[in-house]
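What follows is one structure encoded as structure tokens, with my remarks underneath.
Below, each value reflects all heavy atoms present in this structure, side chains not excepted, and no hydrogens, waters or symmetry copies. What you see is a predicted model; the values in this text were computed from it and never measured.
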Amino acid sequence: MDIENKARINWACRRGMRELDISIMPFFENEYDTLSDNDKALFVRLLECADPDLFNWLMNHGRPDDESLYYMVKLIQERNRARMAEIVDKY
């Protein structure tokens with residue numbers, strides 16, 4: 001998948017599992033444009049993984065064997081956590 005085809009990436013972010021949608025969609029919507037091309041390619045590669053694997057990794061019930069995918073999982077978690085902290089701090 002082309003890293004510049006945001007419509008297709010957006011579609012791939014919609015997983016049909018609420019827990020995944022809550023993690024992946026906000027990251028895509030808020031962070032994707034700020035990523036380097038390498039990180040964009042890595043994110044797209046992560047989207048090609050099976051939903052059960054993504055769920056386990058993003059919920060800290062395991063980790064990918066591939067260190068670069070693990071880096072992206074941690075980046076998604078960290079950026080989502082930071083964004084949520086900003087929202088909480090406003091209120």
Side-chain angles (χ1 to χ4, degrees):
M1 187 176 344
D2 178 13
I3 65 171
E4 299 302 323
N5 189 342
K6 288 183 63 178
R8 186 152 188 200
I9 296 167
N10 184 39
W11 183 256
C13 288
R14 298 173 190 200
R15 308 306 286 209
M17 184 183 290
R18 186 169 188 229
E19 295 85 354
L20 290 178
D21 290 343
I22 289 170
S23 293
I24 294 172
M25 286 303 297
F27 179 82
F28 174 72
E29 291 167 352
N30 295 289
E31 309 291 340
Y32 187 79
D33 290 334
T34 69
L35 298 176
S36 68
D37 285 350
N38 288 338
D39 283 350
K40 286 178 181 178
L42 192 54
F43 179 71
V44 167
R45 208 173 107 213
L46 184 70
L47 293 176
E48 294 169 353
C49 296
D51 286 356
D53 290 333
L54 286 174
F55 176 81
N56 286 330
W57 300 337
L58 289 166
M59 300 302 140
N60 292 316
H61 298 297
R63 60 178 279 181
D65 293 331
D66 183 317
E67 287 300 317
S68 58
L69 290 180
Y70 182 60
Y71 159 79
M72 183 51 61
V73 167
K74 297 309 285 180
L75 184 64
I76 291 169
Q77 291 171 329
E78 290 167 8
R79 298 269 180 102
N80 286 345
R81 193 175 310 117
R83 200 170 39 264
M84 290 307 295
E86 288 178 18
I87 291 169
V88 169
D89 288 343
K90 286 182 181 180
Y91 300 99

Exercise. Are Y70 and M59 connected, step by step, through hydrophobic side chains (Ile, Leu, Val, Met, Phe, Trp, Tyr) whose heavy atoms are closer than 4.5 Å?
Worked result: no
Exercise. Going through the checks in order, is the side chain to side chain contact (heavy atoms under 4.5 Å, CB included) test met by L75 and L35?
Worked result: CA-CA 10 Å; L75 184 64; L35 298 176; 3.9 Å; yes
Exercise. Does M84 CE have over 12 foreign heavy atoms under 6.0 Å away?
Worked result: no
For this session: Report yes or no: does R15 contribute a side-chain atom to a donor-acceptor pair with the main-chain N or O of L47 at less than 3.5 Å?
Result: yes
Exercise. So Y32 and V44, side chain to side chain contact (heavy atoms under 4.5 Å, CB included) or not? Walk me through it.
Worked result: CA-CA 10 Å; Y32 187 79; V44 167; 4.3 Å; yes
Seminar exercise, completed: Separation between CG (L58) and CG (N80), nearest 0.5 Å, reads 8.5 Å
Exercise. Rounded to the nearest 0.5 Å, how far does OG1 of T34 lie from CZ of R79?
Worked result: 4.5 Å
Exercise. For the atom pair CD1 (I24) and CZ (F43), what is the distance rounded to the nearest 0.5 Å?
Worked result: 6.0 Å
For this session: Hey, could you give me the CD1/CZ distance between I76 and F28, rounded to the nearest 0.5 Å?
Result: 12.0 Å
Exercise. In the single-linkage hydrophobic clustering (I, L, V, M, F, W, Y; side-chain heavy atoms under 4.5 Å), do M17 and W11 co-cluster?
Worked result: no
Exercise. Looking at residues at least two apart in the chain, or sitting in another chain, which of them share a salt bridge (charged side-chain N to carboxylate O under 4.0 Å, His left out) with K6?
Worked result: D33
Seminar exercise, completed: Rounded to the nearest 0.5 Å, the CZ atom of F27 sits from the CZ atom of R83 at a distance of 8.0 Å
Exercise. What's the shortest heavy-atom distance between P64 and W57, and which atoms?
Worked result: N-NE1, 3.3 Å
Problem set entry | N56 side-chain N/O to G62 backbone N/O, donor-acceptor pair under 3.5 Å | no
Problem set entry | Check: E4 and D37 side chains under 4.5 Å, non-hydrogen atoms | yes
For this session: Output, in order, the C-alpha distance, side-chain angles, deciding distance and verdict of side chain to side chain contact (heavy atoms under 4.5 Å, CB included) for C13 and E29.
Result: CA-CA 10 Å; C13 288; E29 291 167 352; over 6 Å; no
Exercise. Should R63 and E67 count as an ion pair when the cut-off is N to O under 4.0 Å?
Worked result: yes
Exercise. Does the side chain of S36 come under 3.5 Å of the side chain of N38 through a donor N or O and an acceptor N or O?
Worked result: no
Problem set entry | Interatomic distance, R45 atom CZ to L69 atom CG [nearest 0.5 angstrom] | 4.0 Å
Exercise. Given the rule that I, L, V, M, F, W and Y join up when any side-chain heavy atoms are under 4.5 Å apart, are M25 and M72 in one cluster?
Worked result: no
Exercise. Hey, mind stepping through K74 and N60 against side chain to side chain contact (heavy atoms under 4.5 Å, CB included) and telling me if it holds?
Worked result: CA-CA 10 Å; K74 297 309 285 180; N60 292 316; 4.1 Å; yes
